[in-house]
Structure formats: C-alpha cells, structure tokens
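Please read the structure below before turning to the comments.
Numbers for residues simply follow the sequence, beginning at 1. Atom set for the values below is all heavy atoms of this structure, side chains included, hydrogens, waters and symmetry mates excluded.
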Amino acid sequence: VQLQASGGGLVQDGGSLRLSCEVSGLIFSNYAVGWFRQAPGEEREFVAAISGRGAKTYYRGSVKGRFTISRDNAKNTAYLQMNSVRPEDTAVYYCAAMKTLLDYGLDFESERQYDYWGQGTQVTVSS
C-alpha cells in the first residue's frame, strides 16, 4: 500500500494550494481518507476527512469554509483544496487511509483510526 502526497509548496497569505494524495495497493473506495498536519514543535493534528464514497466530510474548525476535501475514486486520489491560507496553516501535511465502509459513527479525527500513512508534503504560507 502506498499513499503519495503532493502539491505542497510556498504560497502567500491569502493564496490557494491544492494537495493531492494518490493511493495504490488497496480498494480505494473502501477507505476513508484523512488529512493531518504537523507544524514545527507541535503535535500532529487533524485537518479534514472524507468517507469512502465521499458522502460525508469532516473539518477542524479553523479550516472550515477555507479548505475543501474531495476524492475521485476512479483515480484513487483524494484532494485538499486550500483557499485563503494563513501563516498558521504552515506545516507538513500528511494523508492517511482508514478502512471503513461507514460514512459516520467513527472518530475520523483520530489518527489512531488510520491504517496507512503517506509521507508528508510541506506547505509554507508567507505573510
């Protein structure tokens, strides 16, 4: 199983960026996908998640209305569209996959629920 996160980079305050997470080695639609981030000196934190069929999405409060998680099961890829980024969004962003057919009822925000992780992609927001 491989998760390949990409799309990170340097962006100005208020700008946009789209992260991608390409997954291989599993039946993608049987897995929820989550995005997490870790800033220097900080704990890794939940950002957003989407259920396997894309029927349900979850966001941390500080990114609601700015970030959008989506997925294309035909391409085995999940996305995180980041708009109106802020310097506090600077972090390494990780995608992860959780085996579940449920759209709700699980703790999608807990990294312990996820079975597979990709390497991170750095996002730096300049002020």
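A distance of 4.5 Å separates CG of Leu106 from OG1 of Thr100, quoted to the nearest 0.5 Å. One finds the OG atom of Ser127 at 10.0 Å from the CD atom of Glu88 (value rounded to the nearest 0.5 Å). The OH atom of Tyr93 sits 12.0 Å away from atom CD of Gln38, with the distance rounded to the nearest 0.5 Å. For the atom pair CZ (Phe36) and CD (Glu109), the distance works out to 8.5 Å, reported to the nearest 0.5 Å. Remark: Leu80 CG to Thr68 OG1 distance equals 8.0 Å, nearest 0.5 Å. Put simply, NZ on Lys64 and OG1 on Thr57 are 9.0 Å apart, with the number rounded to the nearest 0.5 Å.
Between Phe108 and Tyr58, the angle of the ring planes stays under 30°, which puts this pair in the parallel group of the 30/60° scheme. In this pair, Tyr116 and Tyr31 present their aromatic rings tilted. The plane angle is within the 30 to 60° band.
Between Arg86 and Arg66, some side-chain heavy-atom pair lies under the 4.5 Å cut-off. Using a 4.5 Å cut-off on side-chain heavy atoms (C-beta onward), Val33 and Tyr114 make no contact. Side chains of Leu3 and Gln119 form no contact here, defined as non-hydrogen atoms less than 4.5 Å apart. Taking 4.5 Å as the limit, every side-chain heavy atom of Asp89 sits out of range of all side-chain heavy atoms of Val123.
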With side chain to side chain contact (heavy atoms under 4.5 Å, CB included) as the test, would you mind laying out the steps for Glu111 and Tyr94 before giving the verdict? CA-CA 11 Å; Glu111 59 181 84; Tyr94 299 89; over 6 Å; no
Please walk me through it: do Asp107 and Met98 pass side chain to side chain contact (heavy atoms under 4.5 Å, CB included)? CA-CA 11 Å; Asp107 187 359; Met98 178 204 306; over 6 Å; no
Give the C-alpha distance, both sets of side-chain angles, the deciding distance and a yes or no for side chain to side chain contact (heavy atoms under 4.5 Å, CB included) between Trp35 and Phe67. CA-CA 11 Å; Trp35 285 96; Phe67 291 9; over 6 Å; no
Please walk me through it: do Thr90 and Gln122 pass side chain to side chain contact (heavy atoms under 4.5 Å, CB included)? CA-CA 8 Å; Thr90 294; Gln122 176 72 47; 4.1 Å; yes
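With Arg60 contributing its side chain and Phe46 its backbone, the two residues share a donor-acceptor pair below 3.5 Å. Side-chain N or O atoms of Asn73 include one that pairs as donor or acceptor with a backbone N or O of Gly52 at under 3.5 Å. Judged by distance alone, the side chain of Asp103 and the main-chain N or O of Ser51 form no donor-acceptor pair under 3.5 Å.
Under the 4.5 Å side-chain heavy-atom criterion for Ile, Leu, Val, Met, Phe, Trp and Tyr, Val85 and Tyr59 are members of the same hydrophobic cluster. Hydrophobic clustering keeps Val47 apart from Val92 (ILVMFWY residues linked when any side-chain heavy atoms are closer than 4.5 Å, directly or through intermediates). Under the 4.5 Å side-chain heavy-atom criterion for ILVMFWY residues, a single connected hydrophobic cluster contains both Val125 and Leu17.
Closest heavy-atom contact between Ser126 and Leu10: CB-CD1, 4.2 Å. The two residues Phe28 and Thr77 make their nearest non-hydrogen contact at CE2-N, 3.5 Å.
The list of side-chain hydrogen bond (donor to acceptor under 3.5 Å, both in side chains) pairs with a residue in residues 4-29, not counting sequence neighbours, reads Ser16-Asn83.
In this structure, Gln2 places its CD atom where only 12 or fewer heavy-atom neighbours from other residues, nucleotides or ligands lie under 6.0 Å away. Around CG of Leu102, the count of heavy atoms belonging to other residues, nucleotides or ligands within 6.0 Å exceeds 12. Counting heavy atoms of neighbouring residues, nucleotides and ligands inside a 6.0 Å radius, atom CZ of Arg44 exceeds 12 of them.
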